Number of protein chains: 2
Amino acid sequence: MQKPKYQLVKEYIIETIKQEGLEPGDKIWSENQLAKKFKVSRHTVRQAIGELANEGWLYKIHGKGTFVGDRLGEKSNKIKSIGVMTTYLNDYIFPSIILGIDEVLSKAGYNMVLGCTDNRHDKERLCLENFVKADVQGIIIEPTKSALPNPNLDVYKQIINKGIPIFFIHGSYQELDCPYVVVDDVEAGYLATDYLIKLGHKNIGGIFKIDDIQGHCRFKGYQMALADSKIEVKDSNILWFDTDDNRDEFIKRDHEKFEDLIKSCSAIVCYNDQIALKVVNTIRNKGLSIPDDISLVSFDDSQLAVVSDVKLTTVAHPQQKLGRIVAESLINKINGGRGKDKIRMEAELIIRDSAKEHK
Amino acid sequence: MQKPKYQLVKEYIIETIKQEGLEPGDKIWSENQLAKKFKVSRHTVRQAIGELANEGWLYKIHGKGTFVGDRLGEKSNKIKSIGVMTTYLNDYIFPSIILGIDEVLSKAGYNMVLGCTDNRHDKERLCLENFVKADVQGIIIEPTKSALPNPNLDVYKQIINKGIPIFFIHGSYQELDCPYVVVDDVEAGYLATDYLIKLGHKNIGGIFKIDDIQGHCRFKGYQMALADSKIEVKDSNILWFDTDDNRDEFIKRDHEKFEDLIKSCSAIVCYNDQIALKVVNTIRNKGLSIPDDISLVSFDDSQLAVVSDVKLTTVAHPQQKLGRIVAESLINKINGGRGKDKIRMEAELIIRDSAKEHK
DNA sequence: ACAGGTAGCTTGTACGTACAAGTTGCCTGT
DNA sequence: ACAGGCAACTTGTACGTACAAGCTACCTGT
């Protein structure tokens, strides 16, 4: 029994009110009628009706019956707002995602209540509590430390019990089984690598972020592409860095490994545009040229991809589009629509000038 | 039986919470304990507890127990929130400003309601109306088209009459006489230009944005610095562009003017880091070198300033700090404090590698 | 030492019954 | 004709039982 029976009864009643266009004051079936209809006990029907009455859908009069409530009035003076919580705000892709969300929300007449967790669980808790206080109608969340156990599941469950829909982006907490919109990073890694292979490259290096799910996924795609083309994955061709590495320091620290990499490889898959630019500069300083000596493919298609004179070939993160889609899905859910719950967005290769055919 | 039993149970529980001074989170008796205590069925206890939970006195956790709810919080429940409205969201310095604002607001227990005008007056109006609906306690605004007459002054005046404090950033509407926090762009322009003069440059070009107060101010500072050093300001050394110019197009369109500029000048003051990078690339493609042939100084000290191998010498926009200061000032004002109303932040020259002494 | 299972607590769902109490309309006695 | 009562409906209160499912602490086997 997946859903409790009283839930089914609730949903049926709401559905009927919506579809039959019942107006406030109209009488609905008696408890016994509903019990017979659904072959459940009167107790169960009472639970369903009781909750609906609490939520404002219905009201009851002792001795007379149960009637459709005046929900419209309540809706119109409620401030329509949506909570949006991300880990960082000024990291280079979040602004675009938020912009996409804002586009849809402002058109639909919703406010956006923004919160930033700094990737810390305590701030996440605070944020969620704020959202509840602010009476948001729905929440969009980029999970904080999605790889670790989450201490705020109780708050999440409270929110879900209140009937406030949540959509996750980038990842989700498995314990909650909430809807999400994610980018297929494995596919992205595959696309980038496969493109280099199709250009004739055999020795393809990789630079990835180690403490980040995206890093792992893109690396996985990289491995799969090589495997599919029966090219061996060499450990010496992979360079790892983490958040703590000041973004250009790791090249200096792992200087020898980096030297080996550019000696033995004709192409490199770079974790993101920022890293790719660092690599471009380092390689150039050695008197080599992009893409003539070494081809590069990176990820995200951020602003950075086109600021240098070497326009980067990069696998696009849908950014703004992702924001739009998650906002649309959420609003759809709030309005009782039945759209897709788990959305995986495809990555797209943007071909520019940083990779060319291998001689 | 005058009062129903479940009413008695309810009253007893409320009484106990009040008298024993139970705090939110404290566990109360289990359903079975209560049933025994009152010699009623568990069903009856559940009804009592259920209603109390609905009213906010209690909350229940499946498998753990029933706990005293945070009713105090709900009572003093003016949702503390601040409206933040900017022209763009993903432009390269706004995320940092918003981050700074969020830092302060979240610490002070405020929500941030975010709105984005896209630099359009109609969206600005919508945003403001939303803020009022959302019952914000204060508003931070980056003015939309600050150089043009504003058609939404009536809404602004309504808000001010309601006693909701407003702080502007970057610029303000003179008609309103509101508090603001701005960067001293004239000083910034002066600093940048004066630095080049001190390096021995005499022919200093400038590229500025024409439909933006910041552009005008920086240009003003540029003029003042030249005047103070008794260097003539030549019209032919100034290149103007506007928002509609796709950011690299203007160089192609005004190609001849740009050619003249780099022929007659040994240094250029660039409106911002983004423009500076375009100039770097264009100049390099002509076989010239930065800073050996031409020195550059730009504005903002954004991420872009250090992505290229030529690290830009740039006048820093305080970004995050500006966000923090405006948020602190606003909260201070809400709490009745009497801080400074018109804050002008100092610009700071960050010396890197894109400008050097004139031979 | 610790991973994993389990016993025993909690609340959640669901069935049943019975009677109380409010509302309505019909029916009956005057 | 009409007042009063009662039958038949409604929801409200209240009892009982059973099992499901979530949480915690303890205990046991490796």
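Since we're looking at a predicted model, the values are computed, not measured. What's counted below: heavy atoms across the whole structure, side chains too, no hydrogens, waters or symmetry copies.
- A:K64 has its NZ atom 22 Å from the P atom of D:dA8, to the nearest Å.
- For C:dT11, neither phosphate oxygen OP1 nor OP2 lies less than 4.0 angstrom from any side-chain nitrogen or oxygen of B:R46.
- Ring centers of A:F67 and A:W57: at least 6.0 Å apart, outside the cut-off.
- Distance A:N32 CG to D:dC9 P: 10 Å, rounded to the nearest Å.
- Paired with A:F208 under the rule ring pair (Phe, Tyr, Trp, His ring centres under 6.0 Å), one option of A:F299, A:Y271, A:F241, A:Y222 passes, and it is A:Y222.
- Atom-to-atom, CZ of B:R42 to C1' of D:dA18 comes out at 11 Å; the value is rounded to the nearest Å.
- Taking 4.0 angstrom as the limit, B:T66 places a side-chain polar atom (N or O) nearer than this to OP1 or OP2 of C:dT11.
- For B:Q47 and C:dT13, the CD to P distance is 16 Å, given to the nearest whole Å.
- For A:V45 and B:W29, each mapped to the nucleotide of DNA chain C holding its nearest heavy atom, the one lying further toward the 5' end belongs to B:W29.
- Comparing atom distances between the B:V40 side chain and each of D:dA14, D:dC15, C:dT11 picks out D:dC15 as nearest.
- Atom NZ in A:K5 sits roughly 13 Å away from atom C1' in D:dA18 (whole-Å rounding).
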*Given side chain to side chain donor-acceptor pair (under 3.5 Å), test A:Y156 with A:E124 step by step and report yes or no.*
CA-CA 11 Å; A:Y156 277 110; A:E124 182 189 32; 2.6 Å; yes
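- Annotation: of the two residues near DNA chain D, A:K60 and A:H43, the 5′-most nearest-nucleotide partner is A:K60.
- Between B:K10 atom NZ and D:dG12 atom P there is a gap of 14 Å when expressed in whole angstrom units.
- Along DNA chain D, the nucleotide nearest B:T44 and the nucleotide nearest A:I28 are compared for position; the residue whose nucleotide lies closer to the 5' end is A:I28.
- At a threshold of 4.0 angstrom between heavy atoms, the contacts of B:S41 include nucleobase atoms, whether or not backbone atoms are also involved.
- Ring centers of A:F38 and A:W29: at least 6.0 Å apart, outside the cut-off.
- Atom CG of B:L58 and atom C1' of C:dT10 are 15 Å apart (whole Å).
- Cation-pi geometry between A:K209 and A:W240 is not met at under 6.0 angstrom from the ring centre and within 45 degrees of the axis.
- Regarding A:I61, its CD1 atom lies at a distance of 10 Å from the P atom of D:dG12, rounded to whole Å.
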